[in-house]
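Written out below as structure tokens is the structure these notes cover.
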Amino acid sequence: MVYNTLLQQVQDVIQHSIHNNIMQEQVEFVVEPAQRGYGDVSSNVAFLLSKRLRQSPAQIASRIVDGCHTSSEGLIKSIQAHPSGYINAYADWDKLTQIILTASTQDGYGSMTSDQSCIVEHTSVNPNKALHIGHARNVIVGDVISRILKKAGYTVKVLNYIDDLGLQVADIVLGFKHLKYDMESPLGVKFDAYCGDTVYVNTNIQYETHPELLDIRNRILYNIEQGDTDDARMAEQITRQVLAAQLETCWNLGVSYDILNFESHIVLSGMWHEIFDRLKSMKITKFETKGENTGCWVINDKVLVRSNGTATYMAKDIPYAAWKVGIIPDPFKYVEYEGQPGSTLYQTTLQDGADMSFNVDMVITVIDSRQSNLQNIITNILADMGSKKYIHLGYEAVTLSRKTATGMGIDTDGQAQMSGRRGIYVGVDAVYKALYDNAHHETSKRNPKLDSHALHLISHALSVATLRYEMIRQDLGRAITFDMDTSTRLDGDTAPYILYSYARACRILERVPNFDHNCTPNLNEQKERELLRLLSMYPLVIRDATSNLSPKVVARYCHDLAVAFNAFYESCTIIGSGKYESGRLYLTEAFSIVMYNALSVLGIDAPHKM
RNA sequence: GGGCCCGUAGCUCAGUAUGGAUAGAGUGUUGGACUUCUAAUCCAAUGGUCAAGGGAUCGAAGCCCUUCGGGCCCGCCA
């Protein structure tokens with residue numbers, strides 16, 4: 001860690017000076033990258049000591065600085081006391097430049113080592129409809145979190161939970177059976193979209209005029225849960241087909257999984273009874289004999305098991321969560337699910353298959369914050385049962401902008417909440433298509449000689465990058481208002497802006513593929529320093545993103561890096577700059593390597609040309 | 001009624017974890033830069049009582065309390 005080394009050295013030098021000249025006690029203080037114009041590293045230690053020593057921060061800063069001794073082997077060139085009270089250190093950039101260039105171009109730069117392992121569950125969309133843009137945030141946040149953790153050295157297993165039982169599935173079965181929908185989707189329409197847009201929505205409309213259908217739905221639901229019935233077989237056939245279509249969408253965005261967990265397997269495995277017995281014996285749940293919940297098993301006034309003996313939605317989540325944290329034995333075997341590009345995907349089975357081990361240190365469940373209450377209860381139940389591994393990673397939902405909603409013929413006062421049941425949503429596939437067409441148009445305009453395959457690859461990369469970046473660049477606690485027009489933008493704080501800077505660097509390196517890596521780089525311009533500084537910060541970015549489980553940290557870093565490179569590119573000639581050329585090419589190469597690496601943590605593949 | 005999230009430039013957002021130096025980007029508007037490594041770029045100007053009030057602090061956008069505004073959750077639905 002290049003920058004960390006510098007920070008550490010400054011910290012040590014200040015610590016020594018305080019110890020020798022000011023006081024014996026240890027003091028906690030912060031050493032951080034400096035703001036622009038104040039050197040390279042700053043410390044606020046003088047402020048902290050001000051009260052205790054009854055002196056002004058400026059006085060203390062001078063005393064500390066006077067006692068600082070920097071060795072010629074270190075990375076610090078000088079340390080100064082600023083009148084404000086800050087202590088600012090200036091790095092020895094001749095040394096630092098060489099170190100940064102060497103480190104950042106090495107394999108695995110930014111990676112951390114860890115013996116920890118974790119599960120990340122995300123996506124988990126009911127298999128009765130296509131993914132909408134709200135689901136996309138879940139999918140992409142989850143995918144990026146798993147990539148960040150891998151970069152941080154964790155062993156990561158990515159799970160996708162398929163709720164192939166339940167009311168939404170019964171709705172679809174009823175639609176096909178009783179409302180006579182064709183089992184084939186129309187030509188050119190994906191099966192998931194057909195189920196969600198046509199069958200599911202229209203079935204729900206029918207309930208309003210034909211309430212007798214609700215009884216039929218309940219019977220279907222019962223049959224599905226029993227397994228080995230015609231309805232169950234039909235449900236399986238449909239949900240499998242929808243799942244395949246949904247996975248196609250996810251895979252297209254560069255998202256992959258390790259395990260598919262089926263709710264039907266969880267139910268048939270009998271895990272629920274095991275958990276329920278434990279909840280009862282540990283007195284975590286109690287049986288109500290009076291009040292409005294009479295005859296129910298409850299946890300803190302929340303019904304777990306209804307008076308008719310069936311489990312609620314919350315209850316159904318508990319066995320899976322308990323299995324994830326490993327407090328009940330694994331009843332499943334695993335077989336391959338065919339078709340995932342790049343890595344092997346497994347699915348649970350109750351028949352023959354391989355065994356797997358899921359003994360992990362941390363379990364992250366990506367679900368939007370509307371489910372925070374429920375997730376808190378589950379977290380507490382698991383804690384009561386002895387596991388503190390469970391983390392609910394929440395994020396605010398995606399709504400449609402008024403303009404986009406109106407454009408779809410949705411009547412709204414302001415933003416519109418999406419609803420699969422009512423058919424109010426923007427599908428992921430449709431957004432991808434719009435982004436792709438846009439990227440294709442712009443790319444072919446700029447590269448008229450490009451063949452159609454190359455054009456396709458670039459357009460695909462650009463559209464996936466754009467969608468991914470839109471879904472993670474904001475804080476998880478902030479709701480995203482999705483707008484079709486602003487999302488297809490190409491300038492400013494967008495993926496195309498970032499990718500453009502990378503493509504620029506690639507073109508330069510293509511023109512001069514060989515240069516002297518052993519040169520003494522002559523990189524003293526301010527723009528060059530700024531770029532070097534950012535390159536050296538990459539490991540700290542990965543560390544921050546990991547400890548905060550925050551995708552946006554990496555996204556912002558990529559953007560900052562692109563800004564720094566574009567500034568360097570504009571102000572410094574690279575090719576043909578004589579004694580500067582090798583150093584600048586080296587810097588360009590280091591930038592391209594780190595940028596490619598950082599983008600890959602976001603699941604973004606950067607094209608060499610666009 | 002209880003709980004969670006948000007409120008920073010006209011608009012979209014960083015910065016709040018760990019309080020410190022002139023509060024930063026993008027977009028918009030206005031004006032500039034392609035004979036020169038891709039102008040999907042860059043430069044400049046413009047734009048702020050950090051929702052409001054109080055508190056603790058030498059020092060608050062950040063911490064504590066209160067209020068206001070916006071979103072979401074609180075079912076023997078899932």
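The chains referred to below are lettered A, B, ... by the order of the sequence lines, with proteins before strands, and numbering in each begins at 1. Remember, it's a predicted structure, so these values are computed and weren't measured experimentally.
Using a 4.0 Å heavy-atom cutoff across all strands shown, Ala505(A) reaches no nucleic acid atom at all. The residue Cys572(A) sits close to a base: some heavy atom pair falls under 4.0 Å. The residue Arg507(A) sits close to a base: some heavy atom pair falls under 4.0 Å. Heavy atoms of Glu32(A) sit nowhere under 4.0 angstrom from any nucleic acid atom.
Considering only the side chain of Glu442(A), rA40(B) comes nearest among rG71(B), rA40(B), rC37(B). Picking from rC76(B), rA21(B), rC37(B) the nucleotide with the shortest atom distance to the side chain of Asn88(A) gives rA21(B). Relative to the side chain of Arg489(A), the nucleotides rG26(B), rC76(B), rC42(B) differ in distance, and rG26(B) lies closest. Nearest nucleotide to the side chain of Lys302(A), out of rG71(B), rC74(B), rC76(B): rC74(B). The listed nucleotides are rC37(B), rA78(B), rU41(B); the one nearest the side chain of Tyr569(A) is rC37(B). Side-chain atoms of Glu570(A) lie closest to rU41(B) of the nucleotides rU41(B), rU18(B), rA78(B). Which of rC72(B), rC13(B), rA17(B) sits closest to the side chain of Gln474(A) comes down to rC13(B). When distances run from any side-chain atom of Leu167(A) to the nucleotides rC77(B), rA39(B), rA14(B), the shortest one goes to rC77(B). Among the nucleotides rC37(B), rU41(B), rC77(B), the one closest to any side-chain atom of Tyr497(A) is rU41(B). Among the nucleotides rC37(B), rG26(B), rA78(B), the one closest to the side chain of Asp493(A) is rG26(B).
At rC13(B), none of the side-chain N or O atoms of Arg556(A) fall inside 4.0 Å of OP1 or OP2 (strictly under the cut-off). Arg306(A) has a side-chain polar atom (N or O) that falls below the 4.0 Å cut-off from OP1 or OP2 of rA78(B). Between Arg478(A) and rA14(B) there is a side-chain N or O to OP1 or OP2 distance below 4.0 Å. For rA25(B), neither phosphate oxygen OP1 nor OP2 lies less than 4.0 angstrom from any side-chain nitrogen or oxygen of Tyr557(A).
In this entry rC34(B) has no Watson-Crick or G-U wobble partner, no candidate having both defining distances under 3.5 Å. Remark: rG47(B) base-pairs with no nucleotide; criterion is Watson-Crick or G-U wobble with both hydrogen-bond distances under 3.5 Å. Pairing for rC77(B) is absent, with no Watson-Crick or G-U wobble pair whose two atom distances lie under 3.5 Å. rC4(B): Watson-Crick or G-U partner is rG71(B), with both key distances under 3.5 Å. Base-pair partner of rA61(B): not found among the strands shown (Watson-Crick or G-U wobble, both distances under 3.5 Å).
Between the side chain of Ser307(A) and the base of rC76(B) there is at least one donor-acceptor pair of N/O atoms closer than 3.5 Å. At a cut-off of 3.5 angstrom, the base of rA40(B) holds at least one donor-acceptor pair with the side chain of Thr443(A). Checked by distance alone, Asp560(A) brings no side-chain donor or acceptor within 3.5 Å of a matching partner on the base of rA25(B). Donor-acceptor pairing under 3.5 Å, judged by distance alone, is present between the side chain of Arg446(A) and the base of rA40(B).
As rounded to whole Å, 12 Å separates atom P of rA78(B) from atom CG of Leu165(A). The distance from atom CG of Leu48(A) to atom C1' of rU57(B) is 13 Å, rounded to the nearest whole Å. Between Asp475(A) atom CG and rC13(B) atom P the separation is 11 Å, expressed in whole Å. Lys552(A) places its NZ atom 10 Å from the C1' atom of rC13(B), with the value rounded to the nearest Å. Across the protein-nucleic acid pair, Tyr313(A) atom OH and rG75(B) atom C1' stand 14 Å apart, rounded to whole Å. One interatomic measurement links the two molecules: OH of Tyr86(A) to C1' of rU22(B), which rounds to 13 Å at whole-angstrom precision. Asp491(A) has its CG atom 11 Å from the C1' atom of rG28(B), to the nearest Å. As rounded to whole Å, 15 Å separates atom C1' of rG75(B) from atom CD of Glu288(A).
For rU49(B) and rU8(B), the P atoms lie 11 Å apart once the distance is rounded to whole Å. Spacing of P atoms, rG53(B) relative to rA9(B), comes out at 16 Å, to the nearest Å. rA33(B) and rU18(B) are spaced 50 Å apart, taking the P atom of each and rounding to whole Å. Annotation: rA51(B) and rG15(B) have their P atoms spaced 15 Å apart (nearest Å). Of the C1' atoms belonging to rU46(B) and rU27(B), the separation is 13 Å, rounded to the nearest Å. Taking atom C1' on both nucleotides, rC6(B) is separated from rC50(B) by 14 Å, rounded to a whole Å. For the P atoms, the distance from rG75(B) to rG3(B) is 16 Å, rounded to whole Å. Atom P of rG55(B) sits at a distance of 12 Å from the matching atom of rG59(B), rounded to the whole Å.
Between His559(A) and Tyr497(A), the angle of the ring planes lies from 30° to 60°, which puts this pair in the tilted group. Using cut-offs of 30° and 60° for the angle between ring planes, the Tyr596(A) and Tyr502(A) rings count as tilted.
Between Asn160(A) and Thr123(A), the side chains place no donor N or O within less than 3.5 Å of an acceptor N or O (distance only, hydrogens not considered).
Across the interface with RNA chain B, nearest-nucleotide mapping of Thr481(A) and Gln168(A) shows Thr481(A) to be the residue nearer the 5′ end. Two residues, Thr312(A) and Met610(A), neighbour RNA chain B, and the one matched to the more 5' nucleotide by heavy-atom proximity is Met610(A).
Paired with Asn126(A) under the rule side chain to side chain contact (heavy atoms under 4.5 Å, CB included), one option of Asp164(A), Asp163(A), Ile172(A) passes, and it is Asp163(A).
A glycosidic torsion no more than 90° from 0 defines the syn conformation, and rC34(B) adopts it.
In this structure, Glu530(A) does not pair ionically with Lys527(A), as no charged nitrogen and carboxylate oxygen lie closer than 4.0 Å.
Between Lys609(A) and Thr443(A), every side-chain heavy-atom pair lies at or beyond the 4.5 Å cut-off. By the 4.5 Å heavy-atom criterion applied to side chains, Val141(A) and Met471(A) are not counted as neighbours.
Geometrically, Arg504(A) engages Tyr569(A) in a cation-pi contact, judged by NZ or CZ lying under 6.0 Å from the ring centre and within 45° of the ring axis. A cation-pi arrangement is absent between Lys316(A) and Tyr320(A) under the rule of less than 6.0 angstrom and at most 45 degrees off the ring axis.
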